[in-house]
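Input: a single structure, listed below in structure tokens.
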Amino acid sequence: MTNTNKNEQLEALHNLYKACKHCPLASLGRQQVVFGEGNPNAPLLFLGEGPGREEDKVGRPFIGRSGQLLRKTIAKIGLKPEDYYITNVVKCRPPNNRLPNKGEISPCTKLILKRELDIIQPKVICSLGSCATKVILEEKLIRMTDARKKIINKNGLSVKPVFHPAYILRNSKMRDMWILDLKQAFDLSKNS
Ligand code: URA
């Protein structure tokens, strides 16, 4: 599939759901549906949890405090914007940035994330935090301290779990280790 083709397909998907009302988040104060962005032809896809306040206001993923930390850090290790695609498990902001629940995650991933991944077909997914890691690995329980040490093969796709940037903002001692984990995801994608 060519790049233009993928962009066209993603645009069609976004048009279908830009006024989505398939889960309770539609009526819990979200301002807009926040879709993924980046290069759909890149082998690496970052997967977060859900939009926060800034993302909901502006309509782009990972542009608030934790997103800025992530974007700055991956730029430092050599990733250019065209090297990745970035998206979230749920596309609408949960109130007060709480974790999205099953009744929100199920419809959103079925209707949007699964189709997004079908179109993009990334080689490596770097899952940011336990919500994204659980969803992508279809596991009920994940300990990030263990999961981050692994690269998991899921139906031919490599999943590299790393801590969520919001966790690193609160635990700066973990930052150096996090950078190495992100670098591992990038290196994997270069060799895929
Ligand atoms: N945290 C996420 O998981 N996703 C965003 O888009 C922003 C913050």
Side-chain angles (χ1 to χ4, degrees), residues 10 13-14 17-18 20 23-26 28-40 42 44-76 79 81 83-117 120 122 124-139 142-145 147-148 159-172 174-175 178-179 181-182 185-186:
L10 286 168
L13 179 67
H14 298 172
Y17 293 106
K18 62 186 179 203
C20 181
C23 98
L25 290 178
L28 290 175
R30 71 126 204 255
Q31 292 191 37
Q32 55 191 312
V33 182
V34 180
F35 296 106
E37 66 174 37
N39 180 4
L44 177 60
L45 181 142
F46 288 98
L47 181 64
E49 186 177 296
R53 187 205 303 269
E54 281 303 305
E55 290 81 10
D56 180 54
K57 207 193 298 172
V58 177
R60 292 182 55 208
F62 284 96
I63 49 118
R65 254 185 96 218
S66 63
Q68 284 170 34
L69 172 65
L70 177 71
R71 288 179 188 268
K72 194 179 73 189
T73 308
I74 58 182
K76 261 195 204 150
L79 273 118
D83 289 329
Y84 62 93
Y85 193 86
I86 188 161
T87 192
N88 281 303
V89 167
V90 295
K91 310 307 193 219
C92 294
R93 183 189 181 209
N96 305 314
N97 295 345
R98 66 154 168 75
L99 279 168
N101 61 40
K102 199 166 165 244
E104 295 153 356
I105 292 173
S106 291
C108 200
T109 53
K110 192 166 148 223
L111 296 172
I112 309 182
L113 181 66
K114 283 207 173 78
R115 294 185 193 172
E116 210 178 3
L117 297 179
I120 299 172
V124 177
I125 292 190
C126 181
S127 53
L128 301 157
S130 66
C131 173
T133 305
K134 281 193 265 187
V135 166
I136 209 65
L137 295 179
E138 299 174 294
E139 303 257 349
I142 290 281
R143 278 169 53 91
M144 283 308 292
T145 38
R148 61 156 284 275
V159 177
K160 172 68 202 161
V162 305
F163 285 119
H164 193 280
Y167 176 81
I168 302 300
L169 282 175
R170 298 190 303 270
N171 298 275
S172 56
M174 305 291 214
R175 192 177 291 213
W178 185 61
I179 294 174
D181 290 348
L182 288 167
F186 183 32

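Here, residue 1 is the first one in the sequence, and each next residue gets the next number. These values consider heavy atoms only, across backbone and side chains, with no hydrogens, waters or symmetry-generated copies. Whatever order the structure lists ligands and atoms in, that order sets their numbers, starting from 1.
To the nearest 0.5 Å, the span separating CH2 on Trp178 from CD1 on Ile168 amounts to 6.0 Å. For the atom pair Asn97 CG and Glu49 CD, the distance stands at 8.5 Å (nearest 0.5 Å). Note that NE2 of His164 and CG of Leu47 are 9.5 Å apart. Values are rounded to the nearest 0.5 Å.
Close approach to Gly48 involves these atoms of ligand 1, each under 4.0 Å from a residue heavy atom: 3 (O).
The protein heavy-atom contact nearest to atom 8 (C) of ligand 1 is Ser66 OG, 3.7 Å. Protein heavy atom closest to atom 4 (N) of ligand 1, with residue, atom name and distance, is Asn88 OD1, 2.7 Å.
In Arg143, the CZ atom is not crowded: 12 or fewer heavy atoms of neighbouring residues, nucleotides or ligands sit closer than 6.0 Å.
Ligand 1 lies out of reach of Gly67, whose nearest heavy atom is not under 4.0 Å from it. Contact analysis leaves Glu54 out of contact with ligand 1, as no non-hydrogen atom separation drops below 4.0 angstrom.
Nearest approach of Leu99 to Glu104, heavy atoms of both residues: O-OE1, 4.5 Å.
Relative ring orientation between His14 and Phe35 is described as parallel, the plane-to-plane angle staying below 30° on a 0-90° scale split at 30° and 60°.
Between Pro51 and ligand 1, a contact under 3.5 Å exists for no N or O pair. Between Gly50 and ligand 1, at least one pair of N/O atoms sits closer than 3.5 Å.
Contact annotation for Glu55 and ligand 1: only side-chain heavy atoms (C-beta onward) come within less than 4.0 Å of the ligand.
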